[in-house]
Protein chains: 2
Amino acid sequence: MPSDHPDKPMRRRGRPPKDSARPYAETRQALIQAGLAILTEKGYSAVGIDQILRSVNVPKGSFYHYFKSKEAFGQALIDAYAEYFARKLDRFLLNTDIAPLQRLRNFIDDAGQGMARYAFRRGCLVGNLGQEMSLLPESFREQLSGVFEDWQQRTARCLRDAQAQNEIPADLDCEHLAAWFWIGWEGAVLRAKLEASTRPLDIFAEGFFLRLQT
Amino acid sequence: MPSDHPDKPMRRRGRPPKDSARPYAETRQALIQAGLAILTEKGYSAVGIDQILRSVNVPKGSFYHYFKSKEAFGQALIDAYAEYFARKLDRFLLNTDIAPLQRLRNFIDDAGQGMARYAFRRGCLVGNLGQEMSLLPESFREQLSGVFEDWQQRTARCLRDAQAQNEIPADLDCEHLAAWFWIGWEGAVLRAKLEASTRPLDIFAEGFFLRLQT
DNA sequence: GGCAGTATTAGACCGGGTGTCTAGTTTTTG
DNA sequence: CAAAAACTAGACACCCGGTCTAATACTGCC
């Protein structure tokens with residue numbers, strides 16, 4: 001089951017040659033990538049750094065070369081995930097070829113497909129860590145909170161587009177609605193993991209859209 | 001900082017006298033109690049059994065006398081929590097002195113106060129474990145899922161009462177709404193832990209009630 | 001060619017924890 | 001007074017945590 005990297009490029013010991021192939025130049029990036037895959041599944045505290053290092057075939061000794069501590073690594077992961085997700089949100093929610101509410105629907109569908117692809121083992125990194133908060137370095141709190149704030153704003157923009165196009169009533173408070181969406185959405189993701197089904201996502205989404213008609 | 005139980009009842013070694021005081025007769029109960037307090041805060045996998053044992057001054061060696069494994073202990077905790085919570089739900093939601101929707105509001109307020117009392121460190125055991133699912137014994141899945149099912153039904157009953165008293169439209173599907181409530185509610189709890197505030201709970205609740213007017 | 005400096009990693013440090021079980025002590029039962 | 005029951009001490013046998021120092025292999029400059 002393991003052996004994510006079956007072939008072992010076998011690192012040499014000293015400083016690597018500058019030239020060709022710079023095969024490990026983006027080791028840092030690879031670590032982040034692997035970290036995301038693992039932490040979205042298992043959270044922060046249950047996962048050791050060498051589990052991650054092993055999965056990308058980076059020697060344990062190297063870790064401190066790339067990150068100054070596990071905490072710093074975690075922060076980098078949150079940033080990377082937030083960034084990745086913000087892009088994804090924008091790709092869906094700012095796509096002017098599609099009616100605003102449909103954009104949101106598409107995003108939700110895509111999220112469900114994403115979860116299904118990983119057999120509902122992976123969730124949302126930010127949600128995972130939020131849940132673990134009491135085990136985490138306090139520095140994570142603000143950071144995670146900020147990420148939600150950011151996602152909310154991106155979502156609110158889409159809702160305002162919907163207002164502009166008269167898809168939803170003009171007197172709704174889009175910021176508030178977006179906040180509401182993200183609060184509930186994380187619950188839906190959690191539940192989807194538990195039930196190993198997209199149904200919770202769908203139920204939640206349906207309710208959300210109904211609420212928009214008021 | 002530790003020493004949850006400052007006084008040490010100091011257990012003797014062999015079989016305890018049957019007579020008077022049976023001071024440790026409900027050791028099992030104490031373990032469950034302590035387990036709940038700790039697991040609602042930190043989840044299952046991050047917590048070791050002796051952390052719990054120490055907190056109630058039960059020797060490590062005794063554990064297997066009361067539970068056959070950590071997994072069995074976890075199951076007992078889920079049961080205990082589900083039971084405790086079901087009672088609490090009924091106390092609120094079946095209180096016929098109060099209008100149905102107000103019962104639900106009261107429950108929500110109480111939950112917020114409960115979280116505040118523990119400085120937003122404790123969440124919902126079932127939600128916590130749901131989030132951890134990928135680290136848990138598979139046997140937990142159905143059990144947790146069943147607990148949600150149960151809570152949903154209790155909630156649905158209250159909503160039907162609301163229908164009966166014309167607080168909400170008669171054509172709403174109460175089961176569905178209850179499912180929707182619990183999906184989102186766990187998200188709100190998660191978020192409340194993160195923000196260390198009841199606001200997420202309030203925002204979610206408000207949106208929930210609005211939807212009931214449709 | 002040699003030497004300073006830089007990039008990278010080996011490998012150990014050290015403490016802690018894991019869940020589990022056996023052997024033993026003390027009581028109760030009959 | 002023996003046998004069974006109730007309970008616990010303490011170790012077993014791991015595996016792992018995050019961190020850091022010393023060593024190595026390269027580059028760039030003189």
Side-chain angles (χ1 to χ4, degrees), chain A residues 2 8-31 35 38-39 42-77 132 135-137 139-140, chain B residues 2 8-31 35 38-39 42-77 132 135-137 139-140:
Chain A
K8 302 200 164 221
M10 262 337 250
R11 288 144 180 288
R12 315 219 336 272
R13 204 160 196 271
R15 173 175 182 162
K18 174 189 190 178
D19 67 306
S20 68
R22 41 171 50 242
Y24 312 127
E26 273 93 17
T27 303
R28 200 188 135 99
Q29 198 49 42
L31 284 174
I38 300 188
L39 292 229
K42 318 206 194 193
Y44 178 85
S45 14
V47 177
I49 47 185
D50 49 335
Q51 181 175 162
I52 293 159
L53 290 161
R54 251 181 288 123
S55 90
V56 279
N57 226 280
V58 169
K60 189 168 180 186
S62 304
F63 183 75
Y64 272 59
H65 195 61
Y66 298 104
F67 302 95
K68 95 173 205 299
S69 68
K70 192 190 180 187
E71 177 167 352
F73 182 53
Q75 290 166 345
L77 288 184
E132 289 188 82
L135 301 162
L136 263 41
S139 72
F140 284 20
Chain B
K8 302 199 162 219
M10 263 338 248
R11 289 146 179 288
R12 316 225 327 277
R13 204 159 196 275
R15 174 173 183 162
K18 174 190 191 178
D19 66 308
S20 66
R22 38 172 51 241
Y24 313 126
E26 272 94 16
T27 303
R28 201 188 134 97
Q29 198 49 42
L31 284 174
I38 300 188
L39 291 230
K42 319 206 197 196
Y44 178 85
S45 14
V47 177
I49 45 185
D50 50 335
Q51 181 175 161
I52 294 159
L53 290 161
R54 251 181 289 122
S55 89
V56 278
N57 227 280
V58 170
K60 187 166 182 186
S62 303
F63 182 75
Y64 272 61
H65 195 62
Y66 298 103
F67 302 95
K68 97 172 202 300
S69 67
K70 190 190 180 185
E71 178 167 350
F73 181 53
Q75 290 167 344
L77 287 184
E132 287 189 82
L135 303 161
L136 262 43
S139 72
F140 284 20

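Naming: A, B, ... by sequence-line order, numbering from 1 per chain. The structure displayed is predicted, hence computed values, not measured ones. Hydrogens, waters and symmetry mates are skipped; everything else that's a heavy atom, side chains included, is used.
Side-chain N/O atoms of A/Tyr44 include none lying less than 4.0 angstrom from OP1 or OP2 on D/dG18. Checking the phosphate oxygens (OP1, OP2) of D/dA6, no side-chain nitrogen or oxygen of B/His65 falls inside 4.0 Å.
Within the 4.5 Å cutoff, no side-chain heavy atoms of B/Phe67 are placed close to those of B/Ile49. By the 4.5 Å heavy-atom criterion applied to side chains, A/Ser62 and A/Thr27 are not counted as neighbours.
Not a single donor-acceptor pair under 3.5 Å links the side chain of B/Glu132 to the backbone N or O of B/Gly43. The backbone N or O of A/Pro137 sits nowhere less than 3.5 Å from a side-chain atom of A/Glu71 that would complete a donor-acceptor pair.
Following rounding to the nearest Å, B/Leu53 (CG) and C/dG19 (C1') show an atom-to-atom distance of 11 Å. The distance between atom CZ of A/Arg54 and atom P of D/dG17, rounded to the nearest whole Å, is 7 Å. Rounded to an integer number of Å, the gap from CG of A/Asn57 to C1' of C/dA10 is 15 Å. Atom CG in A/Leu31 sits roughly 14 Å away from atom P in D/dG18 (whole-Å rounding). One atom, CZ of B/Arg28, and another, C1' of D/dT8, lie 18 Å apart when rounded to the nearest Å. In this structure, B/Phe63 places its CZ atom 17 Å from C1' of D/dG10, rounding to the nearest Å. Spacing between atom CD of B/Gln51 and atom C1' of C/dG19 amounts to 15 Å, rounded to whole angstrom units. One interatomic measurement links the two molecules: CG of A/Asp50 to C1' of C/dC13, which rounds to 14 Å at whole-angstrom precision.
Considering only the side chain of A/Ile49, D/dG18 comes nearest among C/dT9, D/dA9, D/dG18. Distances from the side chain of B/Lys60 to the nucleotides D/dT8, D/dA11, C/dT9 place D/dA11 closest.
Within residues 67-76 of chain B, the residues having any heavy atom closer than 4.0 Å to DNA chain C are, in order of number, B/Ser69, B/Lys70.
Evaluation of the ring-ring contact (aromatic ring centres under 6.0 Å, His included) rule for B/Phe140 yields B/Tyr44 as partners, not counting sequence neighbours. In this view, A/Gln75 and A/Ser139 satisfy the side-chain hydrogen bond (donor to acceptor under 3.5 Å, both in side chains) rule, not counting sequence neighbours.
The minimum heavy-atom distance between A/Gly35 and A/Ile52, with the atom names listed, is N-CG2, 4.0 Å.
Of the residues near DNA chain D, A/Gly61 and A/Gly48, the one whose nearest nucleotide (by heavy atom distance) lies more toward the 5' end is A/Gly48.
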